[in-house]
Structure formats: C-alpha cells, structure tokens
Amino acid sequence: MALQDYKDIIATVATIVTIIQFLSGIDICRKIIKQGSTGDISGFPFVGGVFSTSTWLTYSLLLWDASMSITNAVGLTLQVIYLCTYVRYCIASGPWRTVRRQMLVTTLVVAAIQYYVFLSDDENETIKTRIGLMCCLGSIIFCASPLVSLAEVFRTRSTDMLPFPLIFATFLVSGLWWLYGIIIQNSFVKYPNLIGFGLSGFQLFLFIVYPNKRKGN
C-alpha cells in the first residue's frame, strides 16, 4: 500500500498536531479565567476529552503503539487540568450540577473499563475488540461535544459559543489519524476518525454560515 511508506511520518505529524489540538483548550480556559466564570461555555467537551483520551490510552497500550500511547497520555493530563479549571470557575448551580453528573458517570465508566482490562479472564483479542468499540464511542463523543451548543447557534445566528480552535484542530487531527488507521488497517482507529472528520467539518461550516457575533449586536 502506498501510504505504508509514510507510516512513521504520518504518525509523527499526527502526534504533534494532536498535542497542539489538546493545547487549544488553553484558550478556552483563559477565557473562563478572564471572565471569572464559565458563563455559557459547556464543560462537556472537557469531560468527553477525559473519557476519550483515557480510553484511547488504554487501547493504545494494549496495541503496544508508541505514537498513540504518548499522544493520549499527554492528552489525558491536559484534559484533566482543563476540567479542573472549569470546575473551579463553574459558579452557577445549573452548570455545576450538570458537569458533576457528567464527571460521576465518566469516572464510573472509566473505572469499569480498567477493571475489565486488568482483571478480566477474557482473551486479549476479545478485550482489544471491546475496548476498541469503547474508543469509537469516546472519539465520537469528543468530536461531537461542541454540538451541544447547536440549538443556541441556530437561535442566535452566532457561533460565539463554539470553540473554533478546538473544532479546527479536531478537523486536522481526525484526518491524520484516519490516514494512520488506514495504514495500520485498524477499523477502530479508522472509522471514528472519519466520523470526527465529518462532524468537525460540519461545525467549521457553521462559522461560514453564521458570523462570530450575536444577532443583537
């Protein structure tokens, strides 16, 4: 396969760009800190990021894939920091209750996954398959998480509440890991990133349709 010759290059570029994507959360946290509260920013992307990176880290360790392991170890660390920042400045009772429930569910699911991987009597290939399916779910949740603000985007005809840096980085990253999935012939890497590529592309299209200013302004 022609792409096979570029495996190391694509893996390296994908790792670097993904880490840069994870760093885009700094911009969101800086906005939260500057305004002293989370405002209308949803904490779900950070909760989804913790679930996605932790699950992918587990799967990449099962595969003994260095590029994926390094990428998700860095990503998990950053997502936890972002989530802690969000919780620190989440002063409204409604969003706080919402993110608390999301964190509880995520913690329970991640704990169950770790228990299954390290204490289950199932064969290694069976574990890989099932964790791979969980990774697919995690990737789709992470890529689609900004869509929770979609109704507000259409109502206000504004993309103010959508995190452009995160969405744009997701678009690039999903495309690169999709190619990497094709190279290593792994459906669990290939298909969720193809879906993420399409979802983030749709969200980028919204920035063209609706300017980054509220209708009333």
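Residue indices begin at 1 and follow the sequence shown. Values in this document were obtained by computation on a predicted structure and should not be read as measured data.
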Under 3.5 Å, which donor-acceptor pairs do the side chains of residues 123-135 form with other protein atoms, sequence neighbours left out?
from	atom 1	to	atom 2	distance (Å)
Thr129	OG1	Glu125	O	3.0
Arg130	NH1	Tyr116	OH	3.1
Arg130	NH1	Asp122	OD2	2.9

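- Here the CD1-SG distance, from Ile41 to Cys29, works out to 8.5 Å after rounding to the nearest 0.5 Å.
- Not a single donor-acceptor pair under 3.5 Å links the side chain of Tyr89 to the backbone N or O of Ile32.
- Checking Val17, Ile10, Ile182, Thr15 one by one against Trp177, the side chain to side chain contact (heavy atoms under 4.5 Å, CB included) holds for a single residue, Thr15.
- With rounding to the nearest 0.5 Å, the separation of CZ in Phe197 from CZ in Phe202 is 15.5 Å.
- With values rounded to the nearest 0.5 angstrom, Thr18 atom OG1 is found 7.0 Å from Leu176 atom CG.
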All N/O donor-acceptor pairs, side-chain side in residues 59-69, below 3.5 Å, sequence neighbours left out:
from	atom 1	to	atom 2	distance (Å)
Tyr59	OH	Asn186	ND2	3.1
Ser60	OG	Trp56	O	3.0
Ser60	OG	Leu57	O	2.9
Ser60	OG	Ser69	OG	3.3
Asp65	OD1	Ser67	N	3.2
Asp65	OD1	Met68	N	3.0
Asp65	OD2	Tyr180	OH	2.8
Ser69	OG	Asp65	O	2.8

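- Phe171 and Ser200 get closest at one heavy-atom pair: CA-OG, 3.2 Å.
- Across Pro45 and Ser42, no two heavy atoms sit closer than the pair CD-O, 3.3 Å.
- Listed here is the closest heavy atom pair of Ile91 and Ser37: CD1-CB, 3.6 Å.
- Heavy atoms only, all atoms of each residue included: Thr53 and Gly75 are closest at CG2-C, 3.9 Å.
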So Tyr6 and Val13, side chain to side chain contact (heavy atoms under 4.5 Å, CB included) or not? Walk me through it. CA-CA 11 Å; Tyr6 301 97; Val13 174; over 6 Å; no
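- Checking side-chain atoms of Tyr82 against main-chain N and O of Phe22 turns up a donor-acceptor pair under 3.5 Å.
- When the shell of 6.0 Å around CZ of Phe168 is examined, it contains 12 or fewer heavy atoms from other residues, nucleotides or ligands.
- Remark: Leu194 CG to Leu179 CG distance equals 10.5 Å, nearest 0.5 Å.
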Acceptor/donor pairs from residues 94-104 side chains to any protein atom, 3.5 angstrom cut, sequence neighbours excluded:
from	atom 1	to	atom 2	distance (Å)
Thr98	OG1	Gly94	O	3.1

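- What you find for Phe51 and Ile113 is that their closest heavy atoms are CE1-CD1, 4.2 Å.
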